[in-house]
Amino acid sequence: MKWAKDFYSKTGKWWGPAEVGITDKDHKRAKTIKRLVPNAKNILELGSSYGNTAVVCAGDGLKVTGVEISDRIDFSGKYKEEYPNNLIFHKEDFYQVKLDDKFDAVVYWNGFGIGTDSNQRKLLERISNEWLKPSGKALIDIANPYVWTKWTGDEEHKDPEPELGYNYSVNQKIDFDPIHNRFIDIWWDSNHPEEVLKQDIRCYSPADLLLLLEQTN
Ligand SMILES: C[S@@+](CC[C@H](N)C(=O)[O-])C[C@H]1O[C@@H](n2cnc3c(N)ncnc32)[C@H](O)[C@@H]1O
């Protein structure tokens, strides 16, 4: 799991200037919370990245606590100024962070699956035993192996687009480990092919996920 801080900080440096900003995706996520946890007043967002979704939720009147390990969170300064009372970010590891609050919902968008099954279980146990109120709900995106196997072998080169905030020329290649059901998303700065960055994420089919959830409360 040690790669995570470096991978998301470095790629945040590449893409942050373009990607800090609210999109439809953030509004859809806020709507999903409203639909599935209509009485939610305070939420915890794990892996909150630049803070784009968190700020939309704060704008909807929720008290939002975000936990983000990487430098991506350094882009969230202006969001905190907008909502000083109901938007809190911790630049910390969610396996280590100590939080006093209990939450109506814990959300983790597009990030679950770093590390081993026992790492995921430990996180699920923290969610259920430490952070959720008894009536609370966890909303977690799960990487779908059927999608990632389709993308295996895909390679792409992206030229910089400075007018959009993409200042780096980068390459991507996608690989899949069918034995361990993990996708490997490989990136490098086109000018430094010797410095390869990888995110390596466990995918779960529904049956696989049910096995993971056993005994996690
Ligand atoms: C794939 S990104 C998704 C970001 C954001 N949730 C989104 O959907 O745009 C996963 C995020 O989780 C963060 N993350 C990974 N492991 C973490 C940890 N142990 N503690 C806190 N944040 C973590 C990463 O730094 C990264 O910003």
Side-chain angles (χ1 to χ4, degrees), residues 1-33 36 43-58 62 64-77 79-80 87-99 101 103 105-127 130-131 138-145 147-148 151 165-166 170 172-176 182-187 197-204:
M1 288 194 296
K2 281 192 182 138
W3 57 264
K5 187 173 179 184
D6 193 41
F7 178 91
Y8 296 109
S9 295
K10 187 77 185 277
T11 53
K13 188 173 153 199
W14 291 346
W15 304 319
E19 296 189 346
V20 61
I22 294 161
T23 65
D24 277 356
K25 182 174 71 182
D26 303 297
H27 288 289
K28 279 188 189 150
R29 289 170 170 178
K31 274 195 191 149
T32 301
I33 297 171
L36 296 175
I43 67 165
L44 169 63
E45 183 179 349
L46 303 174
S48 50
S49 193
Y50 312 107
N52 297 333
T53 304
V55 74
V56 172
C57 294
L62 293 173
V64 185
T65 302
V67 180
E68 169 56 50
I69 199 170
S70 77
D71 297 345
R72 290 185 180 200
I73 200 62
D74 300 343
F75 288 90
S76 67
Y79 293 155
K80 276 189 286 190
L87 190 53
I88 302 156
F89 290 116
H90 298 277
K91 189 174 184 180
E92 282 197 59
D93 182 341
F94 51 54
Y95 284 101
Q96 307 293 336
V97 69
K98 295 211 177 353
L99 301 169
D101 271 356
F103 302 90
V106 176
V107 300
Y108 189 4
W109 310 112
N110 182 28
F112 187 79
I114 293 172
T116 61
D117 283 358
S118 93
N119 295 135
Q120 323 309 338
R121 282 209 181 91
K122 188 172 169 212
L123 184 61
L124 291 166
E125 283 163 2
R126 290 207 82 185
I127 292 172
E130 293 180 49
W131 296 327
L139 312 184
I140 303 174
D141 280 330
I142 307 292
N144 178 341
V147 173
W148 284 95
W151 292 339
Y166 292 107
V170 295
Q172 180 189 26
K173 186 174 173 215
I174 294 171
D175 209 348
F176 193 84
R182 306 185 73 90
F183 75 78
I184 300 114
D185 181 26
I186 307 161
W187 290 87
L197 296 170
K198 295 180 185 178
Q199 63 170 334
D200 172 346
I201 303 282
R202 172 73 153 100
C203 301
Y204 293 91

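We count ligands from 1, going down the list as the structure has it; atoms in each ligand are counted the same way. Basis for what follows: all heavy atoms, side chains included, without hydrogens, waters or symmetry-related copies.
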So, do R29 and V107 sit near enough that their side-chain heavy atoms are less than 4.5 Å apart? no

If you scan protein heavy atoms around atom 14 (N) of ligand 1, the nearest is I69 CG2, 4.0 Å

Select the closest option to atom 5 (C) of ligand 1 among S9, A54, G47, judged by heavy-atom distance. G47

State the atoms of ligand 1, each with its element, that fall below the 4.0 Å cut-off from a heavy-atom position in E92. 20 (N), 21 (C)

Among all protein heavy atoms, pick out the one at the shortest distance from atom 25 (O) of ligand 1; state its residue, atom name and that distance to 0.1 Å. E68 OE2, 2.5 Å

Examine the proximity of ligand 1 to I114 and report which part, side chain or backbone, both or neither, has a heavy atom under 4.0 Å away. side chain

Indicate the ring-plane relationship of W187 and W15, choosing parallel, tilted or perpendicular according to the 30° and 60° boundaries. perpendicular

Under 4.0 Å between heavy atoms, the region of W109 that gets near ligand 1 turns out to be both

Which residue and heavy atom of the protein sit nearest atom 20 (N) of ligand 1, plus the separation: F94 N, 2.9 Å

Which bit of K5 gets closer than 4.0 Å to ligand 1, counting heavy atoms only: side chain, backbone, both or neither? neither

Can you name the closest pair of heavy atoms from C203 and F176 and give their distance? SG-CE1, 3.9 Å

Look at D74 together with K91 and state whether they make a salt bridge at an N to O cut-off of under 4.0 Å. yes

Tell me, do W131 and V97 make a side-chain contact under 4.5 Å, heavy atoms counted? yes

Would you kindly specify which portion of Q96 sits under 4.0 Å from ligand 1, judged on non-hydrogen atoms: side chain, backbone, both or neither? neither

Heavy atom of the protein closest to atom 19 (N) of ligand 1 (residue, atom name, distance): D93 OD1, 2.9 Å

Do Y8 and Q199 have side-chain atoms, one donor and one acceptor, less than 3.5 Å apart? yes

Pull out every atom of ligand 1 sitting under 4.0 Å from any heavy atom of S49, numbered as shown with elements. 4 (C), 5 (C), 27 (O)

Please assess K13 against D71 for the test salt bridge (Lys or Arg N to Asp or Glu O under 4.0 Å), listing each intermediate value before the final yes or no. CA-CA 8 Å; K13 188 173 153 199; D71 297 345; over 6 Å; no

Using distance alone, decide if ligand 1 has a nitrogen or oxygen within less than 3.5 Å of any nitrogen or oxygen in L46. no

Among protein heavy atoms, which lies nearest atom 3 (C) of ligand 1, and at what distance? N110 O, 3.1 Å

Side chains of V20 and Y79: does their closest heavy-atom pair fall under 4.5 Å? yes

Near S70, which atoms of ligand 1 are under 4.0 Å from a heavy atom of that residue? 25 (O)

Considering only the protein, which heavy-atom contact is closest to atom 9 (O) of ligand 1, and what is its distance? R29 NH1, 3.9 Å

Distance to 0.1 Å, residue and atom name: give those for the protein heavy atom nearest to atom 24 (C) of ligand 1. Y8 CD1, 3.2 Å

Axial cation check for F75 ring with R72, 6.0 Å and 45° limits: no

Between D6 and S9, do the side chains contain a donor N or O and an acceptor N or O under 3.5 Å apart? no

